Amino acid sequence: MRILVANDDGYTAPGLDALVLALKGLGELTVVAPETNCSGASNSLTLNRPMSVRQAANGYFYVNGTPSDCVHIALTGLLDFRPDLVVSGINNGANMGDDTLYSGTVAAATEGYLFGIPAIAFSLVEKGWQHLDTAGRIARQLVEQHIASPLGANVLLNVNIPAVPYEALQGMQVTRLGKRHPSEPVVKSSTPYGDPVYWIGPVGRVSDSSADTDFGAIGRQAVSITPLRLDLTHHEQLPHIRDWAGPLCANP
Ligand code: MN
């Protein structure tokens with residue numbers, strides 16, 4: 001089993017070390033991670049400059065690019081083998097509901113999924129690395145389960161782990177994504193020179209935390225496992241939009 005490990009918090013993040021430590025012995029691990037914290041990078045690729053890949057003393061490769069760049073470069077040029085699994089994390093903070101769209105952690109896993117490799121993103125729900133070992137144990141269990149019962153190429157899992165002692169976990173639950181209200185407003189401030197600047201505001205309040213959602217599982221201290229897909233087509237709206245655009249779509 002060859003496992004590619006990435007993250008979005010950067011190659012020095014404690015969550016990356018925790019994931020590598022947790023998976024020790026399960027296969028050959030190769031780490032390719034961003035040089036700096038890229039949280040919120042989503043699926044962006046760097047197209048306006050070349051990137052460098054360097055190797056740290058601990059063997060980790062690091063790239064001056066995004067999480068997606070890291071996995072993309074690993075799969076298309078850096079590695080001389082095709083990994084059997086891509087894992088990402090362990091992220092410093094939750095990636096649930098709409099947040100998954102912005103997540104660099106999920107994006108790194110997504111890049112593996114796009115190349116037909118099963119992929120799992122791991123996030124520790126509270127920021128600050130409390131109970132990181134709990135998330136490590138869960139990551140190991142899921143990768144062991146994948147080894148015992150392979151997921152198949154077309155699988156992308158988003159796993160969120162409560163930041164509690166392992167013994168306090170209330171099991172695992174397969175969930176769908178919940179929903180949030182729109183973000184809080186940006187925070188307007190100014191530079192010392194009087195120019196306005198804006199900080200993106202905090203995430204919105206949760207609007208759907210039903211029992212079958214990721215928010216619901218985390219709310220009752222269970223590990224949340226959500227299978228994701230990337231077909232953004234709104235299939236149910238196809239008939240309505242065909243009607244709406246019909247006159248424009250007719251042959252001239
Ligand atoms: Mn992050």
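Bear in mind the structure is a predicted one, so any value in this text is a computation, not a measurement. Both counts, for ligands and for their atoms, begin at 1 and track the order of listing.
Between Asp208 and Arg176 there is a salt bridge, with a side-chain nitrogen of the basic residue lying less than 4.0 Å from a carboxylate oxygen of the acidic one.
The minimum distance between the Mn ion (ligand 1) and any N, O or S atom of Asp9 involves atom OD1.
Donor-acceptor pairing under 3.5 Å is recorded for the side chains of Thr175 and Thr226.
Note on Ser103: not counted as a metal contact of the Mn ion (ligand 1), no N/O/S atom lying under 2.8 Å.
Counting heavy atoms of neighbouring residues, nucleotides and ligands inside a 6.0 Å radius, atom OH of Tyr102 does not exceed 12 of them. Residue Gln173 places its CD atom among more than 12 non-hydrogen atoms of other residues, nucleotides or ligands, all under 6.0 Å distant.
Expressed to the nearest 10°, the angle at the Mn ion (ligand 1) joining OG in Ser39 with OD1 in Asp8 is 100°.
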